[in-house]
There are 2 protein chains.
Amino acid sequence: MTEQLKEEKLKKVNIKHIAKIANLSTSTVSRALRNDPEASKETIEKVKLIAEKLNYYPNAMAKSLRGDKSYTIGIVFNDMNNPFYSDVLRSIFEKLNKLNYSIIVTYYNWDFEQERKNIINLISKRVDGIIYSPIISQLNQQTDNISLLMENGIETVYLDNYPDKLNVCYSGGDHKKAIYLATKHLLDNGHRDILLYSAMPDTLYAKQCEDGYIGAFSEKKFEINKELFVTLDNFDFQNSYIYFKKFITNNFKNKKLKFTGIVATGDILAISIYKVANELGLSIPDDFSIVSYDNIEIVSALNPPLTTIHQPRKEIGENAVRILLHNINNKKNRKIEKSIMSPYLVNRKSVKNLKQI
Amino acid sequence: MTEQLKEEKLKKVNIKHIAKIANLSTSTVSRALRNDPEASKETIEKVKLIAEKLNYYPNAMAKSLRGDKSYTIGIVFNDMNNPFYSDVLRSIFEKLNKLNYSIIVTYYNWDFEQERKNIINLISKRVDGIIYSPIISQLNQQTDNISLLMENGIETVYLDNYPDKLNVCYSGGDHKKAIYLATKHLLDNGHRDILLYSAMPDTLYAKQCEDGYIGAFSEKKFEINKELFVTLDNFDFQNSYIYFKKFITNNFKNKKLKFTGIVATGDILAISIYKVANELGLSIPDDFSIVSYDNIEIVSALNPPLTTIHQPRKEIGENAVRILLHNINNKKNRKIEKSIMSPYLVNRKSVKNLKQI
DNA sequence: TTGAAAGCGCTACCAT
DNA sequence: ATGGTAGCGCTTTCAA
């Protein structure tokens, strides 16, 4: 018997091998392995013992081929640079791994062809659902890749960004309100000339940020200077650093453009501004104040600590999972849920109160 | 025909459906779909057209069940907090997604039971290989989870940490040398009392860091004060911040313990020290100098910009993939390769030269 | 309580 | 060039 065991160990073990050794049929082994009440206690014990000795691990592919669940969730993200997404990912992992789901993560860095390939790959792998953080165009909300998902009836929860004209599940923050709060905070501190330092032109995200900014100004009936709207191609730290250094040298230091405050639509952008300020000997908040959006952990370590709008990343991840699993497990009773976490101001020291002067 | 097409669209489409509509056998359809030269050009065209119209996506599980490759790689990481791992992950994604591999990411946050469950899950999913960043105990290198992988003959590349007494594939940095360089830099600048601010007690990593520190001191025949060795439980930012704030208040400000320089074994640790320094009105580098390890992007934005040892994350990820794929695709010609990237100093402004005084 | 057999979707062998 | 069939590892009838 032990000899036989050793030999079996070398091949990939399956229920047939176990059945042979246990002198049982594969059906019985299958039942025993799953603690099926139809199987007798002794059989279960015997089978499990052999399985362990043989290093048996059930073939998940065969299982899902047979059944209709893969216990796998696909994640389609674009921007791994941004700590925001790492934090969201972490909370998704924590929930899903405990439930023994696998998570296939996909990353494409604004390459839509690659994104499409990744999504097709996920469809082929027959994931039970997808959490998708898309780049949404301001004009054409129904991108090819969103259509792909919808046409194939893939259970999807949109995260962080979503096509607001479509009736889809969503978990994320209220970007418009966030930037509204940021702008309002500067306004309340007496700032009137406020740079909107934004990213990803023509996307819904940029639009929402702009709307938030405009909303705060309109509310107080202050005039908006559109020359102070700057939009970067992406949220890349290095890119933003280079851009802002040029920008400030060409426009601010020589007083072509004057502003006393900056609203940055992401902490990464704000951090790059700190770098420029350090290098150019500019003082925050004396030369300009800054409010940003995200509140990633480390911005509290900047000097001065960054005032920013908090985006609840843990909750965003958890809600995405909750909504997704609900719809996967209740196909007949799907809910189109939108979970929108409210942002709030974290007041630190990067804003100067101009009224006190 | 179009009616038929519509109906077929509602079910999950497979080659049988295509075969029926095309009036061909499943074998022929299968061949056509894969551009098998045995299939005629017209057949290929015809089949592909139907497949597209039906929204056909091959079932990857059936494919891999049949063949012996899943085109899936498992990642087993522990510390998603640390931007180091995000950066490595990114480079792994970039290489692997292009090759149409799926990546199942697993995260366990120092919970070894969860880690084990995750690994078993990966085995069940029949991944082609695993990239694993384990926590290695200084004493017992052969942990249960490493044994699990070895016993099951799972192709594995260790990343960042590895059991150096075992003959395994590895891609990572030379931690000992890194901390040696950091310490030497402080020594060269006239520092003698240097705090080693480390994390993860009893791990090989902590040991390697200690060895690097000791190496630099021994080389110059300076004496080491073991009271200046501090080891945190983990690399958590918040945890380190709280700890260091207490530590410095209890030991440094009241001159119980004196040191002029700090070597931190990870940028996250260093950043938390900046936060404490800001809050306590301590000046870096006047009150103490600091050199760290990793060189994540944003540390250049700190004030003063952080002097740190660069760890080439992109290359570490790429090499892990290269080694893994080589062994997967050349089962008969496996290589036990260790790729160790050399760290180097990035000199910024967080170190004061004591000799100039 | 157990076993035999069909079938999940695909590929590869052997015919034709 | 194409079709029939067996089988990858598993679950689930149906029968005993």
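None of these values were measured; they are calculated from a predicted model. So that the names make sense, note that chain A is the first sequence line, chain B the second, and so on, each numbered from 1.
- Between A:Leu65 atom CG and D:dG7 atom P the separation is 17 Å, expressed in whole Å.
- The distance from atom NE2 of B:His17 to atom C1' of C:dC10 is 14 Å, rounded to the nearest whole Å.
- There is a side-chain donor-acceptor pair under 3.5 Å between A:Tyr101 and A:Lys69.
- Among residue pairs with one or both ends in residues 153-168 of chain B, those qualifying as salt bridge (charged side-chain N to carboxylate O under 4.0 Å, His left out) are B:Glu155-B:Arg334; sequence neighbours excluded.
- Put simply, A:Arg34 has a side-chain N or O that comes within less than 4.0 Å of OP1 or OP2 on D:dT12.
- B:Arg313 and B:Asp87 are joined by a salt bridge, as a carboxylate oxygen and a charged side-chain nitrogen come within less than 4.0 angstrom of each other.
- Counting to the nearest Å, the C1' atom of C:dC8 and the NZ atom of A:Lys125 are 18 Å from each other.
- To the nearest angstrom, C1' of C:dC10 lies 16 Å from NZ of B:Lys12.
- Residues B:Val29 and A:Arg31 both approach DNA chain D. Their nearest nucleotides, taken by heavy-atom distance, put B:Val29 toward the 5′ side.
- Take the nearest nucleotide of DNA chain C for A:Leu24 and for B:Ser27: the residue whose nucleotide is more 5' is A:Leu24.
- As rounded to whole Å, 11 Å separates atom P of D:dT13 from atom CG of A:Asp36.
- Between C:dG3 and A:Thr28, a contact under 4.0 Å exists linking OP1 or OP2 to a side-chain N or O.
- Residues B:Arg126 and B:Thr26 each lie close to DNA chain D; by heavy-atom proximity, the contact nearer the 5' end of the strand is made by B:Thr26.
- At D:dA1, none of the side-chain N or O atoms of B:Ser40 fall inside 4.0 Å of OP1 or OP2 (strictly under the cut-off).
- Within the 4.0 angstrom heavy-atom criterion, no nucleotide atom of any strand lies near A:Ser64.
- The nucleotide whose nearest atom lies closest to any side-chain atom of A:Ala62 is, among D:dG4, D:dC10, C:dC10, D:dC10.
- Counting only N and O atoms by type, the side chains of B:Arg90 and B:Ser86 include no donor and acceptor under 3.5 Å apart.
- The separation between B:Asn14 atom CG and C:dG9 atom P is 5 Å, rounded to whole Å.
- Here the P atom of nucleotide C:dC10 and the CD1 atom of B:Ile15 are 5 Å apart, to the nearest Å.
- The phosphate of D:dC8 (OP1 or OP2) has a side-chain N or O of A:Lys16 nearer than 4.0 angstrom.
- Residue B:Tyr56 places at least one side-chain N or O closer than 4.0 Å to OP1 or OP2 of C:dC10.
- Atom NZ of A:Lys63 and atom P of C:dG9 are 19 Å apart (whole Å).
- Distances shown here put every side-chain N or O of A:Asn59 at or beyond 4.0 Å from the OP1 or OP2 atom of D:dG9.
- Among pairs with a residue in residues 315-328 of chain B, those fulfilling salt bridge (charged side-chain N to carboxylate O under 4.0 Å, His left out) read B:Lys314-B:Glu318, B:Arg322-B:Glu337, at least two apart in sequence or across chains.
- Within 4.0 Å of A:Ser30, counting heavy atoms only, lies at least one base atom of the nucleic acid.
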